[in-house]
Amino acid sequence: GNSVTQMEGPVTLSEEAFLTINCTYTATGYPSLFWYVQYPGEGLQLLLKATKADDKGSNKGFEATYRKETTSFHLEKGSVQVSDSAVYFCALLKAAGNKLTFGGGTRVLVKP
Amino acid sequence: ETGVTQSPTHLIKTRGQQVTLRCSSQSGHNTVSWYQQALGQGPQFIFQYYREEENGRGNFPPRFSGLQFPNYSSELNVNALELDDSALYLCASGWGEGSVGDTQYFGPGTRLTVL
């Protein structure tokens, strides 16, 4: 079956540091890939997505590239802010059934 | 354009009771999915509705059931509540044709506590 594996947190960084969160997936065919962010006490917000190999999704300074050869979709940001403190979820979507499969989430804490 | 809304925000029930959670889809969307997120974990897919029909189901027992209404709002019903049903329940809406994946937009969730 489909699965998503994320690096375990928490990840603690200083403001303006570089952030990488690793995400790899297992799926047949060509899933769409997503990053969602969850701020404390809130639901999930779509951060970015990519729908085919070599696509790069980007938003709010975050980027992720769909790498089919390594089945990865790592999230990066060059300079984090305290407001980026949240839990980040990598997810894949297969067409049949429209079911999103999520990773376990990575908590990021950015300190001033 | 209004986003996805859910009600209630919080709910406390006792074991064996029944609960109904509600979701209003984002304007223009015709699919709605429900997810269960246990504390410290990623969301787990419960089921999806498309044009008022169930369009896919995850590994949840039949006591989890749902409805989608003509205005694309939705309900999640859980019977015979168990302690392990305590979780954040998330609703997500999207625009799809039932077999083609697309972006799903999430509501803020309903926090259910079963005592």
Side-chain angles (χ1 to χ4, degrees), chain A residues 1-10 21 23-25 27-52 55 57 59 64 66 73 75 86-108, chain B residues 3-7 9-10 21 23-26 29-51 53-60 68 74 87-111:
Chain A
N2 302 328
S3 66
V4 176
T5 302
Q6 291 181 236
M7 60 186 289
E8 289 191 15
I21 304 176
C23 170
T24 57
Y25 68 90
T28 56
Y30 300 90
S32 297
L33 300 174
F34 301 81
W35 278 101
Y36 282 88
V37 58
Q38 187 172 38
Y39 298 101
E42 298 185 12
L44 300 178
Q45 296 180 24
L46 176 67
L47 185 57
L48 53 84
K49 71 175 185 180
T51 58
K52 60 183 188 293
D55 265 4
N59 186 29
Y66 188 162
F73 192 54
L75 182 68
V87 181
Y88 293 81
F89 291 95
C90 183
L92 70 82
L93 181 69
K94 285 301 297 290
N98 280 325
K99 166 189 171 182
L100 272 170
T101 299
F102 285 88
T106 303
R107 181 175 300 277
V108 173
Chain B
V4 179
T5 60
Q6 293 186 243
S7 62
T9 305
H10 297 88
L21 310 182
C23 170
S24 291
S25 299
Q26 187 165 320
H29 288 176
N30 62 359
T31 68
V32 63
S33 303
W34 286 91
Y35 292 81
Q36 180 194 67
Q37 186 181 16
L39 198 61
Q41 298 182 23
Q44 298 291 316
F45 177 75
I46 302 175
F47 44 58
Q48 184 191 69
Y49 279 80
Y50 168 65
R51 293 185 174 176
E53 299 280 337
E54 189 176 287
N55 186 44
R57 189 178 183 93
N59 294 324
F60 282 82
Q68 185 185 29
S74 175
L88 181 68
Y89 287 85
L90 296 165
C91 168
S93 72
W95 175 258
E97 298 173 0
S99 60
V100 178
D102 202 347
T103 302
Q104 296 183 17
Y105 297 90
F106 284 80
T110 293
R111 172 73 62 189

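Throughout, protein chains are lettered first and strands after them, A, B, ... in sequence-line order, and every chain is numbered starting at 1. Computed from a predicted structure; not experimentally measured.
Here the CD atom belonging to Gln104(B) is positioned 10.5 Å from the NZ atom belonging to Lys49(A), to the nearest 0.5 angstrom. The OH atom of Tyr36(A) lies 11.0 Å from the CG atom of Leu90(B); values are rounded to the nearest 0.5 Å. Here the OG1-CD distance, from Thr101(A) to Gln44(B), works out to 8.5 Å after rounding to the nearest 0.5 Å.
The nearest pair of heavy atoms linking Phe106(B) to Leu44(A) is CB-O, 3.3 Å. Of all non-hydrogen atoms in Lys99(A) and Tyr35(B), the two that sit nearest each other are C-OH, 4.3 Å. A pairwise comparison of heavy atoms in Gln38(A) and Leu88(B) identifies NE2-CD2, 3.7 Å as the closest pair. Annotation for Phe89(A) and Gln37(B): closest pair CZ-NE2, 3.3 Å, computed over non-hydrogen atoms.
Here Tyr39(A) pairs with nothing under the ring pair (Phe, Tyr, Trp, His ring centres under 6.0 Å) rule; sequence neighbours left out. Considering only residues two or more places apart in sequence or on other chains, Tyr105(B) meets the ring pair (Phe, Tyr, Trp, His ring centres under 6.0 Å) condition with His29(B).
In this structure, no portion of Phe47(B) lies under 4.5 Å from any heavy atom of chain A.
More than 12 heavy atoms of other residues, nucleotides or ligands lie within 6.0 Å of CD in Glu54(B), so this atom counts as buried by the packing criterion. More than 12 heavy atoms of other residues, nucleotides or ligands lie within 6.0 Å of CZ in Arg57(B), so this atom counts as buried by the packing criterion.
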